[in-house]
Amino acid sequence: MRVTFPRVVRAEWTKFVALRSTWILFALVAVATVGLSYAIADNAETPTSSSAYLGVDVVSLLLGVVGIVMVTGEYGSGLVRATFTAVPARLPLLWAKAVVLAGFALPVMAAVVLLAALTFRLVRGPMPGMMGHAAGAAVAPVLLALLGLGIGALVRHTAAAITGFILVILVAPTLLGAALPDDWGDRMVKYTPVSAAQALYTESDSSMLHTGPAAWVLAGWVAVALAAGATTVLRRDP
Amino acid sequence: MIEVADLVKKYGSTTAVDGLSFTVKPGRVTGFLGPNGAGKSTTMRMVVGLDRPTAGRALVNGRPFREHRAPLGVAGVLLEARSVHRGRSARTHLLGLARTHGLPDGRVGEVLEQAGIASVARRRAGAFSLGMGQRLGIAAALLGDPAVVILDEPVNGLDPDGVLWVRTLIRELAADGRTVLVSSHLMSEMAVTADHLVIVGGGRLLADTTVDDLIARVELGEVTVRTPDAERLGRRLVALGARVTSPAEGLLTVTGVRAEEIGATAAGENLVLHELTPRRASLEQAYMELTKEVAA
């Protein structure tokens with residue numbers, strides 16, 4: 001009997017799948033992504049190779065919330081005190097949550113994205129280049145969920161963390177574009193998490209990073225958020 | 001064994017725990033007593049590594065709690081504040097803790113049974129009454145069969161059945177040779193369960209003592225004497241400087257001289273005594289006396 005990392009992962013998995021909210025949020029994700037793909041296939045005048053994945057923009061927010069409440073739900077309910085006495089080193093808990101979140105969300109997103117692509121194809125017919133974006137469309141929301149996990153650990157309060165996440169995801173890019181002089185705004189915007197995420201599953205143009213650099217930029221944001229979250233988890237009294 | 005040495009916890013300008021030192025030994029129940037806000041919960045949280053001390057240290061079985069490799073087997077904790085996610089069942093809550101240590105799932109069933117909540121194990125913890133929540137917290141504390149058990153106000157919210165169960169459990173845990181630290185703000189609760197008392201007030205140690213010693217410390221200085229020659233003895237004692245009242249025929253209440261002197265005086269005068277009793281303070285009085293000094 002002792003604490004090992006695989007055991008902490010197993011425990012976190014048990015906790016994650018036992019929550020009704022997990023299943024509700026992922027069901028919403030599936031319905032929204034596939035539903036939007038169907039609607040766009042049915043109605044769009046000039047669809048592109050990434051039209052089938054437009055819903056991913058929306059569900060990325062939901063997945064971010066899943067990541068956030070994985071941590072803030074523990075602080076809010078007081079469960080964190082029990083969890084920390086079982087694993088007083090604390091950091092293995094955060095890493096285990098990241099493993100569980102990615103391990104659960106990635107296969108689900110892969111299935112959802114494939115279903116969205118299939119739906120699009122059935123309604124609209126084959127679309128060149130569409131399958132090339134599938135991997136990015138599945139991975140991008142998972143990385144944003146991990147970003148949410150980091151922000152949740154940093155902020156520790158559900159409402160504040162969701163507000164912060166939405167500021168980072170939605171408001172920051174717009175503000176940057178407007179607030180910086182000349183074309184500096186445009187040049188910076190492509191490095192924001194949401195723009196980097198979108199670059200993973202859309203046809204690249206001059207306003208976006210290429211897929212490779214975008215993946216690194218987004219992974220960098222995730223690393224920064226998780227590192228910041230880890231610092232608070234370790235330093236602050238729950 | 002819990003060793004607390006020069007422990008200090010400050011929140012901004014307020015000091016919750018102010019240089020506390022004491023040791024909790026195995027094989028007996030140590031009551032951790034003090035008025036609300038005395039720093040009991042904060043101290044307990046520091047012992048299990050939840051709060052970082054501003055200064056000093058707390059060791060559990062010879063090491064800081066965070067350094068143990070199987071923390072649930074070292075110390076089981078029930079904290080005063082609820083530590084359960086309302087959306088999970090009692091069973092999943094315990095599984096989520098047990099699996100971090102590779103404890104078999106059967107162990108969860110055992111503690112649920114022991115805490116008397118096996119029948120509601122699959123209900124969402126959010127629907128639990130205060131008493132059921134308290135039982136779940138105690139079940140979680142027992143999960144790793146810990147050598148040290150720390151319970152913060154364990155009888156809070158329990159019905160009389162539950163209170164009796166906790167008292168018996170606490171005594172059994174100590175009889176097993178475990179280290180048991182139980183906090184309460186009620187002396188009456190401690191009087192029936194604790195062998196040893198650590199009393200705090202305003203974040204400081206007021207007493208680290210046994211129940212008997214604490215009572216003896218508060219000297220009421222009143223002696224009850226029963227004698228057929230109450231009048232004669234009374235006069236002799238007044239001559240010695242005592243204050244004597246006679247609440248009833250043949251009964252004297254004496255202050256100002258000790259029981260030994262009264263006995264010697266009576267013997268010297270060849271007076272018969274039927275009773276000679278130094279009045280003892282109740283535990284409650286002793287506790288009030290002790291905490292009053294801090295409040296002042």
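Predicted, not measured: the structure shown is a model, and the values here were computed from it. Naming convention: chains lettered A, B, ... in sequence-line order (proteins, then strands); numbering from 1 in each chain.
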Quiz prompt | Top of B:V84, B:L97, B:L72 for chain A proximity - count of heavy-atom pairs under 4.5 angstrom | solution = B:V84
Quiz item: Heavy-atom count around A:F104 CZ within 6.0 Å, excluding the residue itself: above 12?
Solution: yes
Quiz prompt | Heavy-atom proximity to chain A below 4.5 Å, by part of B:L103 | solution = side chain
Short of 3.5 Å, which donor-acceptor contacts do chain A and chain B share? List atoms and distances.
from: A:V3; atom 1: N; to: B:R69; atom 2: O; distance (Å): 2.9
from: A:R7; atom 1: NH1; to: B:H101; atom 2: O; distance (Å): 3.4
from: A:T14; atom 1: OG1; to: B:R99; atom 2: NH1; distance (Å): 2.7
from: A:K15; atom 1: O; to: B:R88; atom 2: NE; distance (Å): 2.8
from: A:K15; atom 1: O; to: B:R88; atom 2: NH2; distance (Å): 3.2
from: A:R81; atom 1: NH2; to: B:R82; atom 2: O; distance (Å): 3.1
from: A:R90; atom 1: NH2; to: B:G49; atom 2: O; distance (Å): 3.1
from: A:R90; atom 1: NH2; to: B:L50; atom 2: O; distance (Å): 2.9
from: A:L234; atom 1: O; to: B:R52; atom 2: NH2; distance (Å): 3.0
from: A:D237; atom 1: OD1; to: B:R52; atom 2: N; distance (Å): 3.0
from: A:D237; atom 1: OD2; to: B:K9; atom 2: NZ; distance (Å): 2.6

Quiz prompt | A:Y38 atom OH: more than 12 heavy-atom contacts under 6.0 Å | solution = no
Quiz item: What are the two closest non-hydrogen atoms of B:P71 and A:A86, and how far apart are they?
Solution: CG-O, 3.5 Å
Quiz item: According to the salt bridge (Lys or Arg N to Asp or Glu O under 4.0 Å) rule, which pairs have a member within residues 143-152 of chain A, sequence neighbours left out?
Solution: none
Per-pair distances, 0.1 Å, donor-acceptor, side chain in residues 56-69 of chain A, under 3.5 Å, sequence neighbours excluded:
from: A:D57; atom 1: OD1; to: A:Y201; atom 2: OH; distance (Å): 2.2
from: A:D57; atom 1: OD2; to: A:Q198; atom 2: NE2; distance (Å): 3.1
from: A:S60; atom 1: OG; to: A:V56; atom 2: O; distance (Å): 2.7

Quiz item: Do you know which of B:A98, B:A141, B:A125, B:G96 has the most heavy-atom pairs under 4.5 Å to chain A?
Solution: B:G96
Exercise. Mind ranking A:V8, A:V80, A:V87, A:V3 by heavy-atom pairs under 4.5 Å with chain B and telling me who comes out on top?
Key: A:V3
Quiz item: What parts of residues 26-34 of chain A touch chain B if we use heavy atoms and a cut-off under 4.5 Å?
Solution: none
